Amino acid sequence: MQTIICQPAASPALFSAEGVVGIIFLVTIALMVTGALIAVHAQRLVRAVAGLAVCFTGLAGIYYYLLSPFVAMMQLLIYVGAVSIVIVLGVMLAFPEEAAPADERRTTDVIKHRSALAGPVAASIAGLMFAALSVLGLKTEWQVFPREGEGDMHAIGITLLTTHGMVFELISIVLVMAIIGALVLAQRGRN
Amino acid sequence: MQLLNLYNCLPTYVVISALLFSFGVYGLIVRRTVIGMLISAELILAAASTNFLAFNRFLAPDPAIGQVFALFIMAIAAAEAAIAISIMIAVYRNYKSIDADDLVDLQR
């Protein structure tokens with residue numbers, strides 16, 4: 001077990017400041033997992049979107065623990081504030097009801113057969129992927145490189161606009177194209 | 001690796017992102033509507049950026065690069081969500097449904 005990387009490696013006492021930080025981390029993980037479960041399992045799509053927002057809030061807490069408070073803020077702003085609201089708007093405009101068993105098209109044999117198989121097959125595939133990725137993450141001998149920068153907001157801004165300036169501009173173009181494309185697509189077919 | 005020191009350990013974050021990824025894959029398979037699949041795809045993207053930030057915190061020499069990459073992933077995910085929602089609205093106008101079982105014109 002010497003390959004597991006912990007920095008620092010010592011475990012704090014329960015009632016010290018670091019112990020409280022550890023407890024809050026566990027609560028954050030619980031929040032994220034609960035949100036993800038709701039997002040995947042809820043029958044009504046509005047509840048799934050609310051679960052997604054809860055999951056992303058917990059994830060922002062985890063990003064904060066990863067020493068990236070700027071990314072955590074952006075996570076709250078972009079995902080919880082923008083993407084979830086956009087999906088809620090989509091649900092509102094295209095009001096799909098996922099739980100509609102009375103529909104006679106869904107009771108034909110093929111589709112019923114598929115729905116009966118879909119749950120266990122999906123669960124086993126996802127469980128296998130989770131187990132494989134976790135074992136991979138736990139068993140790999142990670143190589144730690146010595147630190148060179150600080151990784152604060154100042155460094156992020158400089159890296160964003162000098163080293164990765166080209167990608168930054170490309171992403172700006174992609175966002176403009178996405179805005180125009182969304183407008184054109186959503187307007188097509190309207191009388 | 002004790003329970004209260006989990007937040008200082010790299011495998012915790014790798015397992016968390018694996019969990020998010022498998023939730024996303026599960027949702028992609030079981031969801032019947034396109035919006036449900038979009039929600040699961042967002043979970044998968046979040047798992048990817050969690051992985052980037054974890055390796056950025058523990059292994060990378062310059063800890064700014066992983067954060068920049070996570071910001072790029074967020075921008076792409078926001079653009080993808082906007083485009084996907086507008087496609088769904090256009091599809092709903094034509095088919096009066098966003099159930100993936102109804103969008104099978106190319107199979108016939």
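All of these numbers come straight from a predicted model, not from anything done at the bench. Letters A, B, ... mirror the listed sequences (proteins, then strands); counts begin at 1.
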Part of [X] lying under 4.5 Å from any heavy atom of chain B:
X: A:I156; value: both
X: A:M153; value: neither
X: A:I23; value: both
X: A:V71; value: both
X: A:A48; value: both
X: A:L59; value: side chain
X: A:L67; value: both
X: A:I87; value: both
X: A:I62; value: both
X: A:V121; value: neither
X: A:V21; value: both
X: A:Q75; value: both

Pick from [options]: which one has the most heavy-atom pairs with chain A under 4.5 Å?
options: B:I16, B:V91, B:L28; value: B:I16
options: B:A81, B:G24, B:P61; value: B:P61
options: B:G66, B:G27, B:A46; value: B:A46
options: B:L43, B:I89, B:T50; value: B:T50
options: B:I83, B:D62, B:V14, B:N51; value: B:I83

Need one label for [X]: side chain, backbone, both or neither, based on atoms under 4.5 Å from any heavy atom in chain A.
X: B:L59; result: both
X: B:I39; result: both
X: B:A70; result: side chain
X: B:L53; result: both
X: B:L38; result: side chain
X: B:F21; result: side chain
X: B:E80; result: neither
X: B:A84; result: neither
X: B:S49; result: both
X: B:F55; result: side chain

Let's test your reading of the structure: which of A:F168, A:F70, A:Y65 forms the most heavy-atom pairs below 4.5 Å with chain B?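 Max contact count across the listed options: A:Y65.
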
Residue among A:A131, A:G127, A:A126 with most heavy-atom pairs under 4.5 Å to chain B: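 If we count pairs closer than 4.5 Å to chain B, A:A126 comes out on top.
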
Take atom OH of A:Y64 as the centre, draw a 6.0 Å sphere, and report whether it contains more than 12 heavy atoms from other residues, nucleotides or ligands.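 Result for OH/A:Y64: open.
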
Evaluate whether atom CZ of A:R147 has more than 12 neighbouring non-hydrogen atoms of other residues, nucleotides or ligands under 6.0 angstrom away.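 Enclosed.
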
Do the side chain of [X] and the main chain of [Y] share a donor and acceptor less than 3.5 angstrom apart?
X: B:Q67; Y: B:P63; value: yes
X: B:S40; Y: B:G36; value: yes
X: A:T159; Y: A:G157; value: no
X: A:R47; Y: A:I38; value: no
X: A:S84; Y: A:G81; value: no

Quick check: B:Y13 with A:F25 (ring centres under 6.0 Å apart)?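 Yes; B:Y13 has its ring centre under 6.0 Å from that of A:F25.
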
Are the aromatic rings of B:F23 and A:H41 close, with centres under 6.0 Å apart?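 No, the ring centres sit 6.0 Å or more apart.
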
For residues B:I85 and A:L89, determine if any side-chain heavy atom of one lies less than 4.5 Å from a side-chain heavy atom of the other.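 Counting from C-beta outward, B:I85 and A:L89 never come under 4.5 Å.
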
Verify side chain to side chain donor-acceptor pair (under 3.5 Å) between A:Y79 and A:T57, making sure each step is shown before the conclusion. CA-CA 9 Å; A:Y79 274 118; A:T57 311; over 6 Å; no

